[in-house]
Amino acid sequence: MSAKGSVTIDVEVCKGCELCIDACPPRVLTMSTPVNHLGYHYPELSDGCTGCAACQLICPDFVFEVFRAPRGAGA
Amino acid sequence: MSAKGSVTIDVEVCKGCELCIDACPPRVLTMSTPVNHLGYHYPELSDGCTGCAACQLICPDFVFEVFRAPRGAGA
Amino acid sequence: MKLMEGSEAIADAAIAAGCKFFAGYPMTPFTELLEHFARRLPDSGGVCVNAESELEAVGMAWGALAVGERAATGSTGQGLSLMQESFSEITLAELPLVIFNMARGQQDYFQSTRGGGHGDYRHIVLAPMDIGEAVAHTQLAFHLADKWRTPVLVYGDYLLAHVQEAVDVTPLEFEPLPAKDWAVDGTLSGTGDSRIVSPLGFDKAGRPSEGIEHHLRAIVEKQDRIAAEEVRVESGFLDDAETVIVAFGPPGKFVRYVVNALRAEGEKIGYVRPITLWPFPYAAVAAASEGAERVGVFELCAGQMIDDVRLGVLGRAPVTFIGGISTDGSGFGVGPLLDVELIRERILALHHDEPMPPLPHNERQF
Amino acid sequence: MKLMEGSEAIADAAIAAGCKFFAGYPMTPFTELLEHFARRLPDSGGVCVNAESELEAVGMAWGALAVGERAATGSTGQGLSLMQESFSEITLAELPLVIFNMARGQQDYFQSTRGGGHGDYRHIVLAPMDIGEAVAHTQLAFHLADKWRTPVLVYGDYLLAHVQEAVDVTPLEFEPLPAKDWAVDGTLSGTGDSRIVSPLGFDKAGRPSEGIEHHLRAIVEKQDRIAAEEVRVESGFLDDAETVIVAFGPPGKFVRYVVNALRAEGEKIGYVRPITLWPFPYAAVAAASEGAERVGVFELCAGQMIDDVRLGVLGRAPVTFIGGISTDGSGFGVGPLLDVELIRERILALHHDEPMPPLPHNERQF
Amino acid sequence: MSDTPTETECLLTGIGGQGVQLCAQVLARGAVIEGKHVMLFGVYAGAMRGMNTDATLAIGDGPLLSPPLLSHTGSAIAMHDKFWRPIASKLRDGALILVNDGTFETPLDSDRYRVVRVPATDRATDLGHAMGGSMVMAGAYAAIAGVVSLDALIAGMRESIPSYRTQHIDANVVTLTDWFTWGSEQLEPIGAGS
Amino acid sequence: MSDTPTETECLLTGIGGQGVQLCAQVLARGAVIEGKHVMLFGVYAGAMRGMNTDATLAIGDGPLLSPPLLSHTGSAIAMHDKFWRPIASKLRDGALILVNDGTFETPLDSDRYRVVRVPATDRATDLGHAMGGSMVMAGAYAAIAGVVSLDALIAGMRESIPSYRTQHIDANVVTLTDWFTWGSEQLEPIGAGS
Amino acid sequence: MTNVEMRQVGKKLPELLLTQEHHMCPGCGEPLALRGYLEAITELGMASRAIGVAGIGCYTSFSMTMDVDLVQALHGRAPSVATGVKRMRPDSIVFTVQGDGDMVNEGLQEVLHTAARGENVTCILLNNGVFGETGGHMTATSVIGQRTKNSLEGRDAQYHGYPILIGDLISRLEGAAYVARGSVHNAGAVARTKRMFKRAFQAQERKEGFTFVEVLTMCPTGWFIPTLEGPDYMNDTLGEVHIMGELKVDGVVRTTEELHEENVRKAVEMEQALARGGIEDHHE
Amino acid sequence: MTNVEMRQVGKKLPELLLTQEHHMCPGCGEPLALRGYLEAITELGMASRAIGVAGIGCYTSFSMTMDVDLVQALHGRAPSVATGVKRMRPDSIVFTVQGDGDMVNEGLQEVLHTAARGENVTCILLNNGVFGETGGHMTATSVIGQRTKNSLEGRDAQYHGYPILIGDLISRLEGAAYVARGSVHNAGAVARTKRMFKRAFQAQERKEGFTFVEVLTMCPTGWFIPTLEGPDYMNDTLGEVHIMGELKVDGVVRTTEELHEENVRKAVEMEQALARGGIEDHHE
Ligand SMILES: Cc1ncc(C[n+]2csc(CCOP(=O)(O)OP(=O)(O)O)c2C)c(N)n1
Ligand SMILES: Cc1ncc(C[n+]2csc(CCOP(=O)(O)OP(=O)(O)O)c2C)c(N)n1
Ligand code: SF4
Ligand code: SF4
Ligand code: SF4
Ligand code: SF4
Ligand code: SF4
Ligand code: SF4
Ligand SMILES: [Mg+2]
Ligand SMILES: [Mg+2]
């Protein structure tokens, strides 16, 4: 299936608060095992992003860029 | 007719504001022509006082002492 | 010529100097200054807000200054006590606030000259002796405030506020000033060059800014330059003076009047009248004390400027306090010591090394 | 012995001295003192209110004092700026307020000693150099406040607030004090002998009271007595000292430490450490400067106490400032100049009449 | 210097509310209108109501040299004698003193001073008509001390009345005129302060 | 005087949140429990979050003579090297330095100092487990510098944990013990600051 | 003339007064409020436990004339001072006396924080809508159209903003137990206001929380009107906006409508009482 | 990875930011409010007329990072400073950024007087119920039961008094034209709050009077809880007392009931929107 949406994650500015994890409706974000240069874990994206932008809206550190497929596109 | 009520007027502390004049329901208070040692006119009592104490309640300078005849007494 | 009380003349002078904003809260004997600003400013395109408190008044002036307008506030020393945090920090923000202290005497000297607030800041203090000088000082205050980007306080009192004289207010010319390229007005928002007016010593992110320590030092260095350049003082009859009297403000005018008269009678007495209380005319006082046998300080308070006089004299001659606390029954007004005859007695007592006459008592009124 | 930070030790000392009320508003580095009072006072039958602002805090303490209890407030110099009106007037009301200034450096010297507020008032200022002394001074402060019915300010700083040491707080004994027959508690209402606690100088109607002028003079006379009786100072190695260094508070401890070491190396250097900033030990400084060739003043600010040092020395020897403004990146904490090696360098430079090394810069952190 | 004959000084005293300040205003503004140099200073006992209210007035042909408070004066206006003492001590011999006949009871040495008792008791002391009192005294003093002409005095009064009191202007013109005339009839203008 | 062998000084440094202050607390309270004289001073960069956090610790058998800030020290604990520079300048030759192997990249002259790299990368640098890092370092330092016994250290830890964090105590006991043992195994206690 | 058979009604002077003399202007409403709270304290038998805290305004002169233990506060600071007093003397009856300038201008946050904290003190506001003491300038309670020194043509909302109805604000704070607004523009209002003082002090006694009594008072001097016009002017300006009545009783806020109804009812009762010849309960 | 056929949704960073970096704690709610008002200003095309006035709190660091002409005020003083700015520059859009400690503690009377005066400025409150900056102490808005540094077991009414619902108080002032309370505890709330900022700025533009937007923000550090628990904790404590919604629109005050209904409706809509896969209007 081709994705309805997607995000870019600027992991180095993430502070590991995990707010995005719960905010993501399809729950396609999970925290990483490794840490960034500040020593924080950060979210990683798995398939199923809808491009709803909830993560962007809730992230205090402005980590996300969100993209969405035009209506009808995808599956 | 014997009075229902009466008041004493401590004229020397009066400041001539005339609040008592309007406050008196039977309107038995009138301002004097002469002035007191401070140079103020002061109220004078004519017959008909009911002893309602309105003047005492409204006087900012605590000029009045009020007396009332026992119920039934008087006219 | 128009009969004006000092408060009215000062407000007119401020407006003549381009003051566009004033905010204050009533307090005797400052109230009339506020009233005159409230009456006059609107007609000259300005705004006067009857602030709900002193703290709010100084905050409003802070905002008006930040956008680049000339603005002022004031009160009596008591009300200014409430503004001390703002005075200290606005000095760090380098905003040209003009402050009027319509004082209840001369006991706010320390508050004005030492900085009643926290920190190392000082601000310029002008002390006019009469309405004519007040009109000039008010205009000078706005100029110096802009020139140095620092607060300037005009020290008045009950007499300056309430005496009425036939005067007219003529605008004064000053050297040109640089544009206020630090002020904020919104036009730079979103351009990447937006500005910040702040006491904290930090600039916008990404711009070179060396932090608070550096900022505090820079402010103090500026104050040192002001101290070197802006001293103002008047003196008279010093050449052969055996006795030198130092006094400021309206009491300084009384002293000058008495010294004049005593000179006419051949007494070797001179006077120094500090016009800027900060920076204080240490050099002038030092010079005056050189040949003198004694220095007297007349202040209508327990003696505060006398510290500065001693710092100027530095032991060259004995320094004696000949003033004192003196108020009317309300504590706001003029006390019995402000009297030509009594001042004359005290100066002569000092001059002849006789004991100082006792202070007069005002008749109780409550 | 218990590991306590200075803030905790001071709160315990205050409670040991019978302090029953404290009110304050958070501000670095004062916050922890407030926290410790909040934690400890209730257990000892007292009350600590987390006031909504500094102005409200000092007002609450005012009320607690008026009924005769020992009470205190505090902040940093910045917060104390907001309390200046109250400090000035509470001095006139003759209430024994104890004030803690957990200062952001030594730049609040003028505010503390000249009276940041309006008027002629002064209050006692104690400047402990370390936690041990802070514990003693805190208790002394409450005693002196009651003895003289005047505010007493304890001048602390970031180090006193935050350094932790193993200490124990033992209550101190002081001379007995008269009963507080001026306090109000309601029991005299309606008796005709009701009381008033007021800064205005008026007593209840019908009682002899000579009015505000007389009251202001009486306060100043009291202050003169305090100035004569309560001076406290420590000094060392003065006898043959060519160079005398004056410093107060924790920096005074650094200076003392360095002078000790330099003496061990045979340098003829002595020190004077004012313990009361007001009244200032003018006599001690004068005496110290008698034989000396030079006097140095080390303060962590632009130089404020140096005025008092000069007033003490009065020209007997040159007075040089060897301190300076120094803070951390936040402006709250400890700057790079508070360093044994750097202080040693500066004292030696003065001692050998060499140029003063440049001030260190703290590394920017924002 | 405050004693130069070209300067007329006057001390006014009374009880708050009697219009002492208004009286001084009218005289001062009148003098300014006549092109004189004027310095006026009013003292009210701050917060305390019903207390003394005084004023110091200096009028001169040239710039005034003295500071705003006089220690010696050549004339005085007394609406009431409750606070007379401090004023008395400042009067020069021969000083002109206008007192309010009704309320001023303190005896005055008429050999030493030129005392004029203004028979305006009710008008001048009735706090309900504070203005009346002011006008009576202003008119009489202007005439007797000869410092301000009646026209200037009236103009000065118009300037002195607050906007919310303008309804009294006509009555004041009458009062000023009456008492200026009355004053002129007393003793021919001998001036004051010399 | 601050150089008397009976006084051990240690400078601690790291990034806010790494538990530098907790580490110092544990060591200090441990020492007090052992009856030592202790002076501890922590510096956090005030309002600025994620900035440096340092601590100065002095432990002595007798009363401490030095002022609370050290200009020379015989040992250091570095959780991170971001703010290492100012510390470095204060180290005496031969100073004992414990650094966090994972995050400390600045090269250290191991001829001049006795450097111990604590291989606790994740534990010590993971801000999610700030406590872990503190305990690792405290345990290791106590053993290597030989200033506090394990029992005292554990007691000190219990005192140092805020009431709302007590759930971590047991884990901390384990960590302290592990790393105290680890430390003891490195080089036999040579002490620090001499 | 006193009359033997007649019994005295009320008292000429409140017992808790050291002197009859005061320096207030003719027609000032403040001494009427003073009578009210002093008599309330006496009649509740609280005299020997009363501690007053005064603000700065014309009423400050009462600090010297009341026979009540008193702490003179600075302008605006009385509520915090009262807090300190009450926290140290919980069994005393603590009240402040402040004006609108003192309480609603300079010290607005003091009274609001004290109320929110639910301090067991009673704050009394003498609200005349002007800074009487300093000459009659507009305050934060001056109503639109009101004459003041800086609004002789009446307060203008555009230029000066709107009045703060402090009693209404305070009634919304959970810490406030009893909030009432009285007035002294006629005998009935004076008697009613005195009852409000009593309810407030009683609630404080029961430690119910913060209590507040606002009193609208005449200031002919500051309003620049004849003393005689004071009462009606007040009723028609301040009284129309600062609605009189008990705004919060036992912690329950009452609507403006309820207050209006009640006011009409009370007014009628009062007329009748006076006509009958006597306000029985003003000295209950 | 970016995807060619896909269009970008929203912006990673607000345009009016000079740098992405900020020193706020993990999970802090304040940067979310920052995003909201900065984007609102940009989208309304008001950027080149915007002047900010900042209080003192954690958000003070935004003063340096916002690309907006800014006046840094002292703790509590921002509303008066904003007044001075607006009076001199009436055509600019003036807003303050303050915390609950700054606005409801230290400077309570500043904001109330400014609102009563009907000043044409917008005050923004970041309300986390603590003094975050100084370590998480209770403020005048902390709700009963809330964890703070000096109430780790939860705020106790008897000891600490009651919270002030500042938005509700301000909505009662006649000078206030628009009053709203938003939050940032979930994506929907963030989007909704941004619309409140827009309405406030538009009302200011129309010179309708004082406008106020309060935003409930998470402060895990000051609440001593894990970042992850922030949003729910906030919703269950602060959110239960400081009811979200538009409290006053076009000068009309709305009841708590109305607000509750609306909140339920909005929540449902949001769920659906997110499920549908997208909050269309958060970047309208
Ligand atoms: C800090 C401070 N600011 C100003 C004053 C001057 N002042 C004294 S009384 C007063 C007004 C009082 O008004 P209000 O409280 O309404 O009392 P009223 O005179 O109307 O009875 C003012 C502004 C002061 N004493 N202190
Ligand atoms: C006059 C004054 N008092 C106290 C402080 C100390 N202080 C700085 S920030 C702050 C608390 C800020 O709290 P809030 O406004 O709620 O912002 P937050 O940190 O919660 O975002 C305090 C008390 C100060 N800077 N100035
Ligand atoms: S919300 Fe942002 S900062 Fe928090 S974990 Fe997710 S990406 Fe990182
Ligand atoms: S855009 Fe929506 S679905 Fe995609 S990661 Fe973000 S929250 Fe999840
Ligand atoms: S009310 Fe009192 S003061 Fe006024 S006129 Fe009547 S008696 Fe005199
Ligand atoms: S008691 Fe009543 S009737 Fe008698 S005089 Fe007074 S008001 Fe009039
Ligand atoms: S000014 Fe007003 S409040 Fe003050 S005494 Fe006069 S009438 Fe009363
Ligand atoms: S303390 Fe609270 S408000 Fe401040 S940055 Fe941290 S989380 Fe945000
Ligand atoms: Mg009033
Ligand atoms: Mg907050």
Side-chain angles (χ1 to χ4, degrees), chain C residues 20-23 41 45-71 73 83 85-90 92-93 95 97 183-207 209, chain H residues 15-22 38 41-42 45-54 56 60-94 96 106-107 109-114 116-117 119 121:
Chain C
K20 284 271 172 288
F21 186 88
F22 190 86
L41 261 175
V47 174
C48 177
V49 180
N50 291 275
E52 291 83 354
S53 73
E54 289 82 359
L55 268 170
E56 288 156 287
V58 68
M60 293 173 192
W62 184 310
L65 291 161
V67 301
E69 296 293 349
R70 284 188 163 181
T73 186
M83 302 187 189
E85 184 202 15
S86 296
F87 291 165
S88 174
E89 297 290 328
I90 204 169
L92 299 183
L95 289 175
L97 174 66
V184 296
D185 65 0
T187 53
L188 291 174
S189 298
T191 63
D193 295 322
S194 54
R195 295 173 177 161
I196 177 171
V197 172
S198 165
L200 303 180
F202 297 121
D203 198 345
K204 288 287 188 181
R207 309 231 184 107
S209 145
Chain H
E15 284 175 18
L16 292 174
L17 263 189
L18 291 166
T19 166
Q20 169 160 19
E21 201 196 342
H22 62 61
L38 290 184
I41 291 169
T42 305
M46 294 173 170
S48 63
R49 287 182 298 140
I51 304 178
V53 180
I56 300 283
T60 300
S61 61
F62 299 156
S63 302
M64 274 64 79
T65 59
M66 282 192 251
D67 186 19
V68 172
D69 273 356
L70 193 128
V71 186
Q72 180 59 56
L74 298 181
H75 192 50
R77 312 287 154 226
S80 294
V81 173
T83 298
V85 169
K86 185 73 176 189
R87 292 290 187 115
M88 292 290 99
R89 295 290 179 266
D91 298 330
S92 55
I93 296 297
V94 181
T96 70
E106 183 81 36
Q109 82 188 52
E110 298 249 341
V111 71
L112 292 175
H113 283 141
T114 305
R117 243 185 283 111
E119 294 291 343
V121 299

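The structure displayed is predicted, hence computed values, not measured ones.
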Heavy-atom pairs under 4.5 Å with chain C: which of [options] has the most?
options: Leu16(H), Thr83(H), Val71(H), Val94(H); answer: Val71(H)
options: Ser92(H), Ser63(H), Ala116(H), Ala78(H); answer: Ser63(H)
options: Val68(H), Leu38(H), Ile51(H); answer: Val68(H)

Say you draw a straight line from [atom1] of [X] to [atom2] of [Y]; how long is it, rounded to the nearest 0.5 Å?
X: Leu92(C); Y: Gln72(H); atom1: CG; atom2: CD; answer: 12.5 Å
X: His75(H); Y: Glu85(C); atom1: NE2; atom2: CD; answer: 9.0 Å
X: Ser194(C); Y: Leu18(H); atom1: OG; atom2: CG; answer: 5.0 Å
X: Arg117(H); Y: Glu52(C); atom1: CZ; atom2: CD; answer: 4.0 Å
X: Met60(C); Y: His113(H); atom1: CE; atom2: NE2; answer: 9.0 Å
X: Ile196(C); Y: Met64(H); atom1: CD1; atom2: CE; answer: 5.5 Å

- request: Give a yes or no answer on whether the side chain of Arg87(H) reaches the backbone of Val47(C) with a donor-acceptor pair at less than 3.5 Å.
  value: no
message: Tell me if a side-chain donor or acceptor on Ser189(C) pairs with a main-chain N or O of Asp69(H) at a distance below 3.5 Å.
response: yes
- request: Compare all side-chain heavy atoms of Arg89(H) with those of Glu69(C) and state whether any distance is below 4.5 angstrom.
  value: yes
Which atom of [X] lies closest to which atom of [Y], heavy atoms considered:
X: Ile56(H); Y: Leu200(C); answer: CD1-CD1, 4.5 Å
X: Lys204(C); Y: Met66(H); answer: NZ-O, 2.7 Å
X: Ala205(C); Y: Thr19(H); answer: CB-CG2, 3.6 Å

Where does [X] contact chain C at under 4.5 Å (heavy atoms): side chain, backbone, both or neither?
X: Thr60(H); value: side chain
X: Glu110(H); value: both
X: Glu21(H); value: neither

- request: Please flag which part of Ser53(C) lies under 4.5 Å from any non-hydrogen atom of chain H: side chain, backbone, both or neither.
  value: side chain
field: Contacting moiety of Val49(C), where chain H heavy atoms sit under 4.5 Å
entry: side chain
message: Walk me through whether Phe21(C) and Met88(H) qualify under side-chain contact (heavy atoms from CB on, under 4.5 Å).
response: CA-CA 8 Å; Phe21(C) 186 88; Met88(H) 292 290 99; 3.7 Å; yes
